[in-house]
There are 2 protein chains.
Amino acid sequence: MSGVPELLLLRLLDQREMYGYELVRSIRNVTGDAITLGEGVIYPVLHTLERNGALKARRKPVGGRTRVYYSLTAKGRDRLADLSGEWRRIQDGITSALETPVHAEA
Amino acid sequence: MSGVPELLLLRLLDQREMYGYELVRSIRNVTGDAITLGEGVIYPVLHTLERNGALKARRKPVGGRTRVYYSLTAKGRDRLADLSGEWRRIQDGITSALETPVHAEA
DNA sequence: AAATATACCTTGAAGTACGAGGTATCAGCG
DNA sequence: CGCTGATACCTCGTACTTCAAGGTATATTT
């Protein structure tokens, strides 16, 4: 039902390529600390998205470490559009449920 | 992360007491078909909430069948307040992430 | 030399959600 | 009368998602 981690990753990577460790911090920042996703969530999702062809990876040595930068493919942009729409639908549905005044039943 | 079914049930039962089968249809209505939760989701959640003391049940024979009406306890109202707040936090976080213009990184 | 930060990763468990099925009653139709 | 469809309850097994905890290795700071 949720797919929130996937949505956030796709959204951030649609703006610019980033690496996993960076994405962990970025999600905290961009959601105003409302959502914190650990590395145990981020890395597996990145790998799955890459396998699906939604992301492409590029290894880049920086200092003595290696960073793996991810960016969106066309497929990834499609997926992002789908998930965004889906999210909006769910959000509107729940908002309307929460706001429906007492006694209003179709 | 999600807890959406629980939130919707608590919200509906805060308005008036309802029975399981009715809640299934009600959730479809109140969310404008955005969210459909089957009986396989609803009944287990109702039972769990009752066990937790968030709901109380009342069996009521209607025609030849028996309906189980649920209503909120004080604990259930607390839980509803918590989940509503949590939902708002997540919603705002994701909205801000989705709306952040390209290049805006704290 | 030790601790902290960076950067990658996996594993096992817990939590959530769902579809498919099962029981039984009642109303309507042919 | 038998059949179908709606009402109304329920559970089971499975799948999906998410997470915390741990593991490796290098660079930087103390």
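Please read all numbers here as calculations on a predicted model, not as lab measurements. Just so it is clear: chains get the letters A, B, ... in the order the sequence lines come, proteins before strands, and each one is counted from 1.
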Practice prompt. Check DNA chain C against residues 46-53 of chain A and give the residues with a non-hydrogen atom under 4.0 Å, in numerical order.
Written response: A/H47
Worksheet item: Taking all atoms of both residues into account, what is the closest heavy-atom pair of A/A97 and B/T31, and its distance?
Response: CB-CG2, 4.3 Å
Worksheet item: Expressed in angstrom and rounded to an integer, what is the separation of B/I90 atom CD1 from D/dT17 atom C1'?
Response: 14 Å
Worksheet item: Is the shortest side-chain N/O distance from B/R25 to OP1 or OP2 of D/dA8 below 4.0 Å?
Response: yes
Fill in: Nucleotide nearest A/R65 when distance is taken to its side chain, options D/dT18, D/dT26, D/dA6
D/dT26
Worksheet item: Between A/V68 and A/A57, which heavy-atom pair has the shortest distance, and what is it?
Response: CG1-CB, 3.9 Å
Worksheet entry | Whole angstrom value for the distance that separates C1' of D/dT11 from CD1 of B/I42 | 15 Å
Worksheet item: Does a side-chain heavy-atom distance below 4.5 Å link B/L13 with B/L49?
Response: no
Worksheet, complete the sentence: Only one of B/V45, B/I42, B/I35 passes side chain to side chain contact (heavy atoms under 4.5 Å, CB included) with B/L8, and that residue is B/I35
Practice prompt. Using whole Å, report how far CG of B/L37 lies from P of C/dT16.
Written response: 14 Å
Worksheet item: Counting just side-chain N and O atoms, does A/S2 come under 4.0 Å of either OP1 or OP2 of D/dC16?
Response: no
Discussion item. Side-chain N or O of A/Y43 versus OP1/OP2 of C/dT10: is the shortest distance under 4.0 Å?
Written reply: no
Practice prompt. Calculate the interatomic distance between A/Y19 atom OH and C/dA5 atom P; express it in whole Å.
Written response: 15 Å
Discussion item. What contact category does B/V45 fall into here, base, sugar-phosphate, or nothing, at under 4.0 angstrom with non-hydrogen atoms?
Written reply: nothing
Discussion item. Expressed as a whole number of angstroms, how long is the span from B/Y21:OH to D/dA6:C1'?
Written reply: 6 Å
Item to complete: Quick one: do A/V24 and A/L37 satisfy side-chain contact (heavy atoms from CB on, under 4.5 Å)? Show the steps, please.
Response: CA-CA 6 Å; A/V24 171; A/L37 299 173; over 6 Å; no
Item to complete: Determine the contact category for B/V24: base if any of its heavy atoms lies under 4.0 Å from a base atom, sugar-phosphate if only primed atoms, P, OP1 or OP2 are that close, otherwise nothing.
Response: nothing
Worksheet item: So what does B/V62 touch, heavy atoms closer than 4.0 Å: a base, only the sugar-phosphate, or nothing?
Response: nothing
Worksheet entry | Length of the CG-C1' vector between A/L7 and D/dT17, whole Å | 15 Å
Worksheet, complete the sentence: To the nearest angstrom, the CD-P distance between B/E6 and C/dG15 comes to 13 Å
Practice prompt. Report the residue (A/G3 or B/G20) whose heavy-atom-nearest nucleotide on DNA chain D is the more 5′ of the two.
Written response: B/G20
Practice prompt. Indicate yes or no: does B/E50 engage B/K56 in a salt bridge with an N to O separation below 4.0 Å.
Written response: no
Worksheet item: Should the pair A/R79-A/E6 be classified as a salt bridge under the 4.0 Å nitrogen-to-oxygen rule?
Response: yes
Worksheet item: Contact class for A/G38 vs. all strands (heavy atom < 4.0 Å): base, sugar-phosphate, or nothing?
Response: nothing
Item to complete: Could you state the atom-to-atom distance from CZ of A/R67 to C1' of D/dT26 in whole Å?
Response: 13 Å
